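First the structure, in the form of structure tokens, and then the observations on it.
If you're wondering where the values come from, they're calculated on a predicted model, not measured in any experiment.
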Amino acid sequence: MRLSTVRRPGGTTAAGRIEGDTIVLLDYPCVGSLIAAGLDWRTAAAAVGGEVIPLDGADLAPLVPAPPKIICMGLNYATHLKEMGRTPPTHPTLFAKYTRALIGPTDDILVPPVTEAVDWEGELAFVIGTTVRFADEAAAREAIAGYTIMNDVTMRDWQFRTLQFLQGKSFEGSTPLGPSLVTPDELENPADLALRTLVNGEVMQKSRTSDLLFPPVEIVRYVSQFITLEPGDVLTTGTPGGVGHGRNPKVYLADGDVVTVDVEGLGVVRNTVRFG
């Protein structure tokens with residue numbers, strides 16, 4: 001099953017089920033509210049639904065516009081560790097984002113004039129489907145509702161002001177999430193998906209999710225030891241090597257650049273950078 005959140009006339013949104021080249025709108029305001037409805041959300045998502053609109057040209061909102069939590073991983077690919085001059089961590093490296101950071105899969109990335117070092121980080125992300133605490137491997141696997149894509153756009157000049165990542169990672173209007181939630185049964189092998197990031201058509205990152213040091217199930221298991229994960233929570237898995245900050249000389253995004261992240265079986269997020 002593939003689900004998206006669609007912007008509708010009048011400033012509303014609706015969850016929708018993708019069927020071929022159409023979206024069947026569902027009686028929920030977004031994918032997050034569908035998952036958090038306290039019922040068998042898969043059955044609700046598969047119901048007949050209402051209005052059918054074309055997928056082509058649909059205005060997609062952030063997949064989960066207001067997740068209870070956004071928990072992100074850093075330093076989770078060996079290639080990224082090497083380019084950033086870091087040693088492999090013994091535990092997952094975590095930081096948070098906030099709701100206002102999220103944008104849709106084709107929205108502009110808005111960059112305020114306080115930063116000059118805007119970098120890309122294409123990532124596999126996933127959404128929690130059931131409440132889970134102190135999860136073992138089986139419970140952690142069952143808790144994953146599905147997978148999606150995030151571009152963890154990072155303001156490096158802010159990130160490295162201190163040892164904490166948060167201030168460089170949660171600029172408002174900077175983080176594309178989408179285009180769809182893809183349930184695990186739709187993917188031949190969720191543990192080994194090809195990932196690429198392109199800037200103006202040039203491939204900058206190219207890896208596979210099988211290279212993750214801490215895969216999604218381990219992230220859920222670990223995080224659930226100290227906090228309850230809830231339906232609609234968004235978690236990310238970190239980025240591979242090839243970021244702009246890791247290059248010599250360093251390369252950062254400029255006004256008008258188009259950044260594309262595609263993950264095998266999950267679709268594409270494609271966003272234009274706008275300085276202002």
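Within the 3.5 Å criterion, the main-chain N or O of G178 finds a donor-acceptor partner in the side chain of T148. S207 places no side-chain N or O within donor-acceptor distance of the main-chain N or O of L195, the cut-off being under 3.5 Å. Judged by distance alone, with hydrogens and angles left aside, the side-chain atoms of D157 form a donor-acceptor pair with the main-chain N or O of E116 at under 3.5 Å. E51 places no side-chain N or O within donor-acceptor distance of the main-chain N or O of L25, the cut-off being under 3.5 Å.
Counting only N and O atoms by type, the side chains of S170 and K97 include no donor and acceptor under 3.5 Å apart. Checking S180 against S4 by side-chain atom types alone, a donor-acceptor pair falls below 3.5 Å. Counted by atom type alone, T130 and E142 present zero donor-acceptor pairs between their side chains at under 3.5 Å. In this structure, a donor-acceptor pair under 3.5 Å is absent between the side chains of R133 and S224.
Residues in residues 238-276 take part in these ring-ring contact (aromatic ring centres under 6.0 Å, His included) pairs, two or more places apart or across chains: F160-H245. Sorted by first and then second residue, the ring-ring contact (aromatic ring centres under 6.0 Å, His included) pairs involving residues 130-150 (not counting sequence neighbours) form an empty list.
A salt bridge links R2 and E186; the closest N-O separation between the charged side-chain nitrogens and carboxylate oxygens is under 4.0 Å. Looking at D152 and K169, a side-chain N of the basic residue comes within less than 4.0 Å of a carboxylate O on the acidic one, giving a salt bridge. Ion pairing between D107 and R270 fails under the 4.0 Å rule for side-chain N and carboxylate O. Using a 4.0 Å cut-off between a side-chain N of Lys or Arg and a carboxylate O of Asp or Glu, E264 and R196 do not qualify as a salt bridge.
Shown are E202, E121, Q205; of these, the side-chain hydrogen bond (donor to acceptor under 3.5 Å, both in side chains) with T197 is made only by Q205.
Taking the side chain as every heavy atom from C-beta outward, L26 and L34 approach each other to under 4.5 Å.
The two atoms that bring L212 and T237 nearest to each other are CD2-O, 3.2 Å, heavy atoms only.
In summary, the aromatic rings of W41 and Y28 are positioned with their centroids too far apart to meet the 6.0 Å limit.
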